Student: 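The structure under discussion is supplied below as structure tokens; questions concerning it will follow.
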Amino acid sequence: MVVVPPRFGLRAMTGLCPVQVRREIVTPVLDLIGLGGDAAASLLTGTALAETGLAYIRQVTDGGPGLALGLWQMEPFTHDDIWATFLPAPRLAGLRRHLLLLRGQWPAGAAQMASNMAYACAMARVKYYRAPDPLPAATDAVAMCRMWKRIYNTSLGAGEADPRHVALFQQAIGT
């Protein structure tokens with residue numbers, strides 16, 4: 001968490017700047033893996049805002065650290081399942097190559113998502129991509145929030161497609 005001391009004349013802030021996350025991480029990563037566009041960039045920026053407020057790299061629970069990793073809070077099981085059951089398809093060879101380009105050598109596997117924002121973003125986009133649903137319109141925050149809840153957060157997740165979360169997707173659209 002970044003806290004700017006008041007004596008510098010700036011207001012205190014926490015987390016990362018959504019505009020910079022979208023411009024410097026989300027858009028270039030999505031373009032690299034061939035799954036970009038305004039709708040995808042807004043969905044992924046909104047997902048990070050909804051999952052972590054762009055402030056946490058490991059899930060925070062009442063009982064201590066949780067399993068989910070990175071700004072997009074993907075669990076290792078989901079990461080490993082994508083690699084085992086979705087990415088082996090021959091039609092996805094190019095996508096696999098791009099993911100391997102983004103993935104570092106250390107730490108291994110899903111642990112990459114805690115320290116490698118580009119890789120975590122790409123894996124979050126792949127999670128949406130493997131679902132049959134088309135992306136919502138680039139300016140439809142309500143549909144993006146519903147997609148996040150249905151596909152990404154799932155019925156088991158703590159998030160809700162409520163006005164508070166819709167506002168986060170609206171913020172992502174405006175970045």
Side-chain angles (χ1 to χ4, degrees), residues 16-52 54 56-59 67-141 143-157 159 168-169 171-175:
L16 299 170
C17 171
V19 173
Q20 288 187 8
V21 168
R22 181 178 177 139
R23 184 181 61 225
E24 305 298 333
I25 299 165
V26 174
T27 298
V29 164
L30 298 183
D31 289 347
L32 173 74
I33 67 173
L35 297 173
D38 285 339
S42 292
L43 179 64
L44 270 289
T45 305
T47 298
L49 285 165
E51 291 288 331
T52 64
L54 297 176
Y56 298 98
I57 58 171
R58 178 171 287 276
Q59 183 179 25
L67 296 175
L69 300 169
L71 295 177
W72 288 269
Q73 295 291 279
M74 183 178 286
E75 293 186 0
F77 173 83
T78 302
H79 170 276
D80 295 348
D81 182 63
I82 289 170
W83 277 100
T85 65
F86 182 67
L87 290 172
R91 70 179 179 85
L92 299 175
L95 179 57
R96 269 194 318 276
R97 274 193 304 277
H98 290 303
L99 291 170
L100 289 170
L101 232 162
L102 291 169
R103 187 172 77 182
Q105 304 235 341
W106 179 89
Q112 272 285 315
M113 294 185 297
S115 59
N116 184 337
M117 288 187 279
Y119 180 67
C121 177
M123 289 303 295
R125 179 62 180 100
V126 171
K127 179 172 168 109
Y128 282 115
Y129 181 63
R130 82 172 171 173
D133 308 47
L135 291 179
T139 59
D140 192 341
M144 284 185 194
C145 186
R146 288 180 181 151
M147 180 177 235
W148 161 74
K149 178 56 186 168
R150 187 176 61 259
I151 294 170
Y152 203 88
N153 189 261
T154 76
S155 61
L156 302 175
L168 295 172
F169 285 90
Q171 179 184 355
I173 290 167
T175 59

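These numbers were taken from a predicted model, which means no experiment stands behind them.
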Student: Which heavy-atom pair separates Pro88 from Ile82 by the least distance, and what is that distance?
Tutor: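 That closest heavy-atom pairing would be CD-O, 4.3 Å.
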Student: Tell me, please, which residues at least two apart from Tyr128 pass ring pair (Phe, Tyr, Trp, His ring centres under 6.0 Å).
Tutor: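 Result, ring pair (Phe, Tyr, Trp, His ring centres under 6.0 Å) vs Tyr128: Tyr152.
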Student: Specify the closest pair of heavy atoms between Ile25 and Cys121, including all atoms of both residues, with the distance to one decimal.
Tutor: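 Minimum heavy-atom contact is CG2-CB, 4.3 Å.
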Student: Calculate, to the nearest 0.5 Å, the distance between atoms CG and CD1 belonging to Leu43 and Ile151 respectively.
Tutor: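 The CD1 atom of Ile151 is 8.0 Å from CG of Leu43, to the nearest 0.5 Å.
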Student: Measuring from atom CD1 of Ile57 to atom CE of Met117, what distance do you get when rounded to the nearest 0.5 angstrom?
Tutor: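 Between Ile57 CD1 and Met117 CE, I get 9.0 Å after rounding to 0.5 Å.
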Student: Once side-chain hydrogen bond (donor to acceptor under 3.5 Å, both in side chains) is applied, do any residues pair with Gln59, and if so which ones, sequence neighbours excluded?
Tutor: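 Listed in chain order: nothing, the list is empty.
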Student: Show me the pairs that pass salt bridge (charged side-chain N to carboxylate O under 4.0 Å, His left out) and involve residues 103-129, at least two apart or across chains.
Tutor: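 Pairs touching residues 103-129 that pass the test: none.
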Student: Can you tell me if Trp72 uses its side chain to pair, donor with acceptor, with the backbone of Thr47 under 3.5 Å?
Tutor: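 Absent.
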Student: Which atom pair, heavy atoms only, marks the closest approach of Leu71 to Glu51?
Tutor: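 Here Leu71 and Glu51 meet closest at O-CB, 3.9 Å.
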Student: Any chance you could measure Asp140, atom CG, to Arg146, atom CZ, to the nearest 0.5 Å?
Tutor: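 The CZ atom of Arg146 is 8.0 Å from CG of Asp140, to the nearest 0.5 Å.
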Student: Who are the side-chain hydrogen bond (donor to acceptor under 3.5 Å, both in side chains) partners of Asn116, not counting sequence neighbours?
Tutor: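 For Asn116 the side-chain hydrogen bond (donor to acceptor under 3.5 Å, both in side chains) partners, ignoring immediate neighbours, are Gln112.
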Student: List the atom pairs, donor and acceptor, that lie under 3.5 Å between side-chain atoms in residues 27-39 and the rest of the protein, sequence neighbours left out.
Tutor:
residue, atom, partner, partner atom, Å
Thr27, OG1, Arg22, O, 3.1

Student: Provide the closest heavy-atom pair for Pro18 versus Thr175 in the form atom of the first, atom of the second, distance.
Tutor: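 Shortest heavy-atom contact: CB-CG2, 3.8 Å.
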Student: Per the salt bridge (charged side-chain N to carboxylate O under 4.0 Å, His left out) rule, what does the pair list look like for residues 71-94, sequence neighbours excluded?
Tutor: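 Found Asp81-Arg130.
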Student: Who pairs with Arg150 by salt bridge (Lys or Arg N to Asp or Glu O under 4.0 Å), at least two apart in sequence or on another chain?
Tutor: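 In terms of salt bridge (Lys or Arg N to Asp or Glu O under 4.0 Å), with neighbours along the sequence ignored, Arg150 is linked to Asp133.
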Student: With a 4.5 Å cut-off on side-chain heavy atoms, are Thr45 and Gln171 touching?
Tutor: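 Answer no - side chains too far apart.
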Student: So, using side chain to side chain contact (heavy atoms under 4.5 Å, CB included) as the criterion, who are the partners of Ala93 when residues are at least two apart?
Tutor: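 For Ala93, the residues satisfying side chain to side chain contact (heavy atoms under 4.5 Å, CB included) (neighbours in sequence not counted) are Arg96, Arg97.
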Student: Assess whether side-chain contact (heavy atoms from CB on, under 4.5 Å) is satisfied between Leu92 and Tyr129, documenting all intermediate values.
Tutor: CA-CA 11 Å; Leu92 299 175; Tyr129 181 63; 3.9 Å; yes
Student: Among all residues two or more places apart in sequence or in another chain, which pass the ring pair (Phe, Tyr, Trp, His ring centres under 6.0 Å) test with Tyr56?
Tutor: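 Checked Tyr56 against ring pair (Phe, Tyr, Trp, His ring centres under 6.0 Å); zero matches.
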Student: Looking at side-chain heavy atoms only, is the closest gap between Leu99 and Val126 below 4.5 Å?
Tutor: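 Yes, at least one pair of side-chain atoms sits under 4.5 Å.
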Student: Looking at residues at least two apart in the chain, or sitting in another chain, which of them share a side-chain hydrogen bond (donor to acceptor under 3.5 Å, both in side chains) with Arg58?
Tutor: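 For Arg58, no residue satisfies side-chain hydrogen bond (donor to acceptor under 3.5 Å, both in side chains) once neighbours in sequence are set aside.
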Student: Going by the ring-ring contact (aromatic ring centres under 6.0 Å, His included) test, which pairs reach into residues 91-126, not counting sequence neighbours?
Tutor: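 Those involving residues 91-126 are His79-Tyr119.
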Student: For the side chain of Thr78 and the backbone of Met74, is there at least one donor-acceptor N/O pair under 3.5 Å apart?
Tutor: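 The answer is no, because no donor-acceptor pair under 3.5 Å joins these two groups.
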Student: Using the side chain to side chain contact (heavy atoms under 4.5 Å, CB included) criterion, which residues pair with Ala50? Sequence neighbours excluded.
Tutor: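 For Ala50 the side chain to side chain contact (heavy atoms under 4.5 Å, CB included) partners, ignoring immediate neighbours, are Trp148, His165, Leu168, Phe169.
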Student: Taking all heavy atoms of Leu54 and all of Ala48, pick out the closest pair and write down the distance.
Tutor: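 Minimum heavy-atom separation between Leu54 and Ala48: CD2-CB, 3.5 Å.
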Student: Can you name the closest pair of heavy atoms from Ala141 and Ile173 and give their distance?
Tutor: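 Heavy atoms of Ala141 and Ile173 come nearest at N-CD1, 3.5 Å.
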